[in-house]
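Numbers for residues simply follow the sequence, beginning at 1.
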Amino acid sequence: MKNRLMIMGLLVLIISFTFGCSKSNDNEISSENDQNVVSETGAKDEQVVINFFHRWPNEPRKSFYQEKADEFMALNPNVKINIDAVLNDSYKEKIRVLVSNDDLPDIFTSWSDSFALNLVKSERIMPLDDILNADPDWKNSIIASQFSGFTFDDVTYGVPFTIDGKAFFYNKSVFAENNLKAPKTYSEFIEVLDALQAAGYETPIVEGLTNAWAISHYEGTILQRLLDPSVTEVDYNEATGTFTDPGYVRGLEIFKELTKYMGEVSTAIDHETARNMFAKGESPIVYMQFAEIKMVEDQTDMDFGFFNFPSIEGGKGDQNALTGAPEGWMLSKNAPQEAVEFLKFLTSKETAYAFTKADGQLNAIIGGVDAENTSPISMNAFNIVTEASATAPWFDNAVNINIADIFMRGGQSLATGELTPEEIMEEVQAEADRLRK
């Protein structure tokens, strides 16, 4: 009996011990599962979202920047990049709304000079000097001269990426057939245009004046050639501008004279159509940005070259300056550190080199352009930009947007004969007075 009781007691102890171990193991497994849930939740909480906004919803840039975002996310699994893209005019309007509502994307593209300055005035843009100085290898990989359009009161707010310039593209074969040379002065330019008309080219120079920005590029360059820099320094500042110098009227008269060689078609077409007319050989001259070289090359095997806007006799500005400015990237003041790393990724030599190869536009990264990733004519353009005596910003980025709008609308009215240069300047001066007050 005693033996039976002892055996039963031992069985109870064994069962209790086994059950206890089993329960303990269950608790350990449950605890491990809980830790996994916490870990997964933690990973989700650590995910960083970067809002990325640019102005290229068209190809090839749309796909290029999507691919770069995908590459960065693959390298940084905790990062999610949301991309939004709209075209130029819509982009300008949307970014102004976003900055006024303190709802800026983390990283976004920006023109330089006054456009960038207006964003900086909101005090919602991240200063970049500390970030640049903390990574000298990155800072020194960017062409130093291109930072100026993003630097205000000695503080840098943007990183330049694309560089560009404006020049007259011309059909070399047509010039050779008519014994013409690229003009160096404005009077020589008029002689060339007259000769081309006499040779049967009704529209020797083509432009799409339905695009107001194309008008501003003409007007801004002409005024840069004509006016003393001390005049524009005062007038292009909305706090001091008066726009009373007689050079402004003269500048509008020159633009009106040039529109006579563009024909009636100019007021009915856009710049893209004008570029296509040049590429098809329908017009021998067009005023374009170097960023458009590849667009012409993709359409034709024409032998074309370019010349800078000719010097204007009696002009007080730098006659050799090149109109053009860099475009780059900015960060909102609340952007996460990951957006800083994405900015470095977008402006790396590898990204820049691939960008120019895919898109054709020149970039501001040292080593990002060479004979292997661009054409000989684009390489020539790159040298022109980097060796220019000075660069003048796009006019619509150099002055207050209200002033620019009057000049641009006025340019269309000059082409159609609806307004005179004097009438346009009266409106400009009235707006300048309002802005000063």
May I ask you to check whether [X] and [Y] show a side-chain donor-acceptor distance below 3.5 Å?
X    : Y    : value
D164 : Q289 : yes
N276 : Q299 : yes
W56  : T109 : no
Q66  : D70  : yes
S413 : T416 : no

Does anything in residues 384-393 pair up under side chain to side chain donor-acceptor pair (under 3.5 Å), and if so which pairs, sequence neighbours excluded?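 Sorted pair list: D318-S389.
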
Side chain to side chain donor-acceptor pair (under 3.5 Å) partners of residues 200-210, not counting sequence neighbours, each pair once: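 Pairs touching residues 200-210 that pass the test: E207-H271.
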
Relative to the ring of [Y], is the ring of [X] parallel (under 30°), tilted (30 to 60°) or perpendicular (over 60°)?
X    : Y    : answer
F189 : F309 : perpendicular
W111 : Y91  : perpendicular
W329 : F52  : tilted
F342 : F72  : tilted
Y65  : F355 : tilted

Would D245 and R250 count as a salt bridge (charged side-chain N to carboxylate O under 4.0 Å, His left out) here? Give the steps. CA-CA 10 Å; D245 192 287; R250 173 60 181 145; over 6 Å; no

Residues which pass side chain to side chain donor-acceptor pair (under 3.5 Å) with [X], listed by chain and number, not counting sequence neighbours:
X    : result
D433 : R436
N363 : T356
D228 : S230
S348 : T351

With sequence neighbours excluded, residues passing side chain to side chain contact (heavy atoms under 4.5 Å, CB included) with [X]:
X    : value
E188 : P183, K184, T185
P160 : I142, Q146, F147, F150, P326, A364
T420 : E422, E423

Do [X] and [Y] have side chains that get closer than 4.5 Å, going by heavy atoms?
X    : Y    : answer
V385 : F290 : yes
F255 : I215 : yes
E431 : I406 : yes
Y353 : V369 : no

Among residues at least two apart in sequence or on other chains, which ones pass salt bridge (charged side-chain N to carboxylate O under 4.0 Å, His left out) with [X]?
X    : value
K294 : D298
K94  : D84
E282 : none

Show the numbers, then the answer: is there a side-chain contact (heavy atoms from CB on, under 4.5 Å) between I293 and F306? CA-CA 10 Å; I293 291 174; F306 24 73; 3.9 Å; yes

Under the side-chain contact (heavy atoms from CB on, under 4.5 Å) rule, what do V286 and I205 come out as? Steps first, then yes or no, please. CA-CA 6 Å; V286 64; I205 181 172; 6.0 Å; no

Do you know which two heavy atoms are closest between [X] and [Y], and how far apart they sit?
X    : Y    : answer
G158 : M330 : CA-CG, 4.2 Å
P310 : R225 : O-NE, 3.6 Å
I125 : L119 : CG1-O, 3.4 Å
D235 : T244 : OD2-N, 4.5 Å

Run the salt bridge (charged side-chain N to carboxylate O under 4.0 Å, His left out) check on E327 and R55 step by step: do they pass? CA-CA 11 Å; E327 193 169 340; R55 63 177 188 86; 2.6 Å; yes

Checking K357 against E372 for the salt bridge (charged side-chain N to carboxylate O under 4.0 Å, His left out) test, could you report, in this order, the C-alpha distance in whole Å, the side-chain angles of both residues, the deciding distance, and whether it holds? CA-CA 8 Å; K357 186 173 183 178; E372 298 299 322; over 6 Å; no

Report the C-alpha distance between Y170 and F307 in whole Å, list the side-chain angles of each, state the deciding distance to 0.1 Å, and finish with yes or no for ring pair (Phe, Tyr, Trp, His ring centres under 6.0 Å). CA-CA 8 Å; Y170 70 101; F307 56 88; 5.6 Å; yes

When rounded to the nearest 0.5 angstrom, what distance separates CG in D106 from CG in L343?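 If we round to the nearest 0.5 Å, D106:CG and L343:CG are 11.5 Å apart.
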
Taking S90 for the side chain and V86 for the main chain, is one N or O donor matched with an acceptor at less than 3.5 Å?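 Side chain of S90 to backbone of V86, a donor-acceptor pair under 3.5 Å: no, none is there.
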
For the pair K62 and E59, find out whether any cationic side-chain nitrogen is under 4.0 Å from an anionic carboxylate oxygen.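 The answer is no: the pair does not qualify as a salt bridge.
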
Charged N-O contact under 4.0 Å between K256 and E253: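 Judged by the 4.0 Å cut-off on N to carboxylate O distance, K256 and E253 do not form a salt bridge.
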
Should I131 and W138 be marked as a side-chain contact (heavy atoms from CB on, under 4.5 Å) after you check the CA-CA gap, both sets of side-chain angles, and the distance that decides it? CA-CA 10 Å; I131 297 170; W138 173 50; 3.8 Å; yes

As a quick check of understanding, evaluate ring pair (Phe, Tyr, Trp, His ring centres under 6.0 Å) for Y287 and F169, giving each step before the final call. CA-CA 6 Å; Y287 196 39; F169 288 49; 9.1 Å; no

